[in-house]
Amino acid sequence: MSMDILTTLFLEKPLWMWLGFLGLVVALLALDLGVFHRGSREIGIRESLSLSAFYIVLGLAFGAFVWWTIGRQAGVEYVTGFLIEKSLAVDNLFVIATIFGFFAIPRAYQHRVLFWGILGVIVLRAIMIGFGAALVSEYHWVLYIFAAFLIATGIKMLWWSSHEPDLSGNPILKFLRRRLNVTDELHGNRFFVRLPDQRTGRAALYATPLFLALVLIEITDVVFAVDSVPAIFAITTDPYIVYTSNIFAILGLRALYFALAAVLHRFAYLKQALAVLLVFIGSKIFVADLLGWEKFPAEWSLGITFAILSAGVLYSLRRTRGAGAAGEEPRPLEPKQA
């Protein structure tokens, strides 16, 4: 194969940049599942913090690569997108914790669910970002729809910030229980098992609660992607920056979950900060037009994003001081049958 093909442009970037990124992602996933977490075991907070720090540093290092290869503004846009996507991923952790608690999934099995969930996210985000990039390139006005949607979502998030999801009435869960044979208990880390059918006595395929948790987590990501994909497109329309910042923010989600699972209650006001951030991201497109700017300054976006998130985290830590013992394991919710 001629080396010239590696310089062929694909979605505005040379093919070698896309292949290099995808190769790095595959290597990280193989290392994660094939070396670090081959068996089902509980992941400690120290290991989780180390892995989470590794993924954050790696994501920021990739931002330096973007800065070096594409340019300064692209590097700033990548870091801004990375911060936004990572923050939205933290908000996603609250729902994931609720799902695991609802099904009483032990920590030893949670990593496997999150790993396969991440694989689904990588494919799903690629489809959504590719579709969004095609829309934006053909119809620039779509960005204004994204912006208005983000403002509306931020306002709605502020209004419903204290709303807790009720999984017992989840229509997807009810549908799965009607259509599938589902066991009442876990069978190790397996998603499916063969058991005697209660009616015929013959062996039949049964889904386990672990599979139901996986499906709900994948659907949760679809819901969160509806916010996060327009948010990053409001920062930049470069498909490479959009996709890489998304994936690097998501790759460390598993490690971040185990690192923060015991202290999620300390980030009680992060949702309000994210709501304000979504309103800002959506409004800056209209602000730039009103002021006659070609584009809202990337450095300002990064600075304001960092300030909003920092304020949300610091306010949460201050208001929830003494709200639980440090490192205390959260009590799982009692599993409820739909």
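- In terms of the side-chain hydrogen bond (donor to acceptor under 3.5 Å, both in side chains) criterion, residue partners of R72 (sequence neighbours excluded) are, by chain and number, E299.
- Qualifying side-chain hydrogen bond (donor to acceptor under 3.5 Å, both in side chains) partners for N246, counting only residues two or more places apart in sequence or in other chains: R125.
- Residues passing the ring-ring contact (aromatic ring centres under 6.0 Å, His included) test with F296 are F280, W293, sequence neighbours excluded.
- Between the side chain of T208 and the backbone N or O of F191 there is at least one donor-acceptor pair closer than 3.5 Å.
- Between the side chain of Y78 and the backbone N or O of G59, at least one donor-acceptor pair lies under 3.5 Å.
- Under the side-chain contact (heavy atoms from CB on, under 4.5 Å) criterion, S310 pairs with F306, not counting sequence neighbours.
- Alongside I127, the hydrophobic cluster contains V123 (criterion: ILVMFWY side chains under 4.5 Å).
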Exercise for review: Apply the test side chain to side chain contact (heavy atoms under 4.5 Å, CB included) to residues K284 and I304: give CA-CA distance (whole Å), side-chain angles for both, the deciding distance (0.1 Å), then the verdict.
Suggested key: CA-CA 11 Å; K284 72 187 187 69; I304 295 172; over 6 Å; no

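- Exactly one residue among T69, T244, D238 makes a side chain to side chain donor-acceptor pair (under 3.5 Å) with K13. That residue is D238.
- Taking the centre of each ring, F82 and F62 stay at or above the 6.0 Å mark.
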Exercise for review: May I have the step-by-step check of side chain to side chain contact (heavy atoms under 4.5 Å, CB included) for L309 and L274, ending in yes or no?
Suggested key: CA-CA 7 Å; L309 294 176; L274 290 175; 3.8 Å; yes

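- Using a 4.5 Å heavy-atom threshold, the side chains of I285 and F146 count as separate.
- With sequence neighbours excluded, no residue forms a side-chain hydrogen bond (donor to acceptor under 3.5 Å, both in side chains) with N181.
- L28 places a side-chain heavy atom less than 4.5 Å from the side chain of L58.
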**Study point:** side chain to side chain contact (heavy atoms under 4.5 Å, CB included) between E218 and V121, intermediate numbers included
**Key:** CA-CA 7 Å; E218 292 285 10; V121 169; 4.2 Å; yes

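- Under the 4.5 Å side-chain criterion, counting only non-hydrogen atoms from C-beta, L143 is in contact with V136.
- Residues meeting the side-chain contact (heavy atoms from CB on, under 4.5 Å) test with A89, sequence neighbours left out: L253.
- In this structure, L205 and L180 have side chains that are not in contact, with every pair of non-hydrogen atoms separated by 4.5 Å or more.
- Applying side-chain contact (heavy atoms from CB on, under 4.5 Å) to F233 and the options T236, V229, I235 leaves one that passes, V229.
- With sequence neighbours left out, the side-chain contact (heavy atoms from CB on, under 4.5 Å) criterion links R179 to F175.
- Residues P209 and T183 come closest through the heavy atom pair CD-OG1, 3.3 Å.
- A search for ring-ring contact (aromatic ring centres under 6.0 Å, His included) contacts involving Y315 returns Y269, not counting sequence neighbours.
- For the side-chain hydrogen bond (donor to acceptor under 3.5 Å, both in side chains) test, residues two or more places apart in sequence or in another chain that qualify with E185 are H187.
- The only option from I99, V95, N92 that meets the side-chain contact (heavy atoms from CB on, under 4.5 Å) definition with I217 turns out to be I99.
- Using a 4.5 Å cut-off on side-chain heavy atoms (C-beta onward), P106 and L186 make contact.
- Annotation: side chain of V113 is in contact with side chain of F100 (closest heavy-atom distance under 4.5 Å).
- Taking the six-membered ring for Trp and thresholds of 30 and 60 degrees, Y144 and H140 have ring planes more than 60 degrees apart, a perpendicular arrangement.
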Exercise for review: Could you check L210 against I105 for side chain to side chain contact (heavy atoms under 4.5 Å, CB included), going step by step and ending with a plain yes or no?
Suggested key: CA-CA 7 Å; L210 208 65; I105 306 296; 3.6 Å; yes

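- Considering only heavy atoms from C-beta on, T320 stays 4.5 Å or farther from F267 through its side chain.
- The ring-ring contact (aromatic ring centres under 6.0 Å, His included) check on Y240 picks up W18, with sequence neighbours excluded.
- Considering every non-hydrogen atom in both A231 and I84, the closest pair reads CB-CG2, 4.3 Å.
- Using a 4.5 Å heavy-atom threshold, the side chains of F21 and F248 count as touching.
- When all heavy atoms of A275 and G154 are compared, the closest pair comes out as CB-O, 3.2 Å.
- Under the salt bridge (charged side-chain N to carboxylate O under 4.0 Å, His left out) criterion, the residue pairs touching residues 287-296 are E77-K295, with sequence neighbours excluded.
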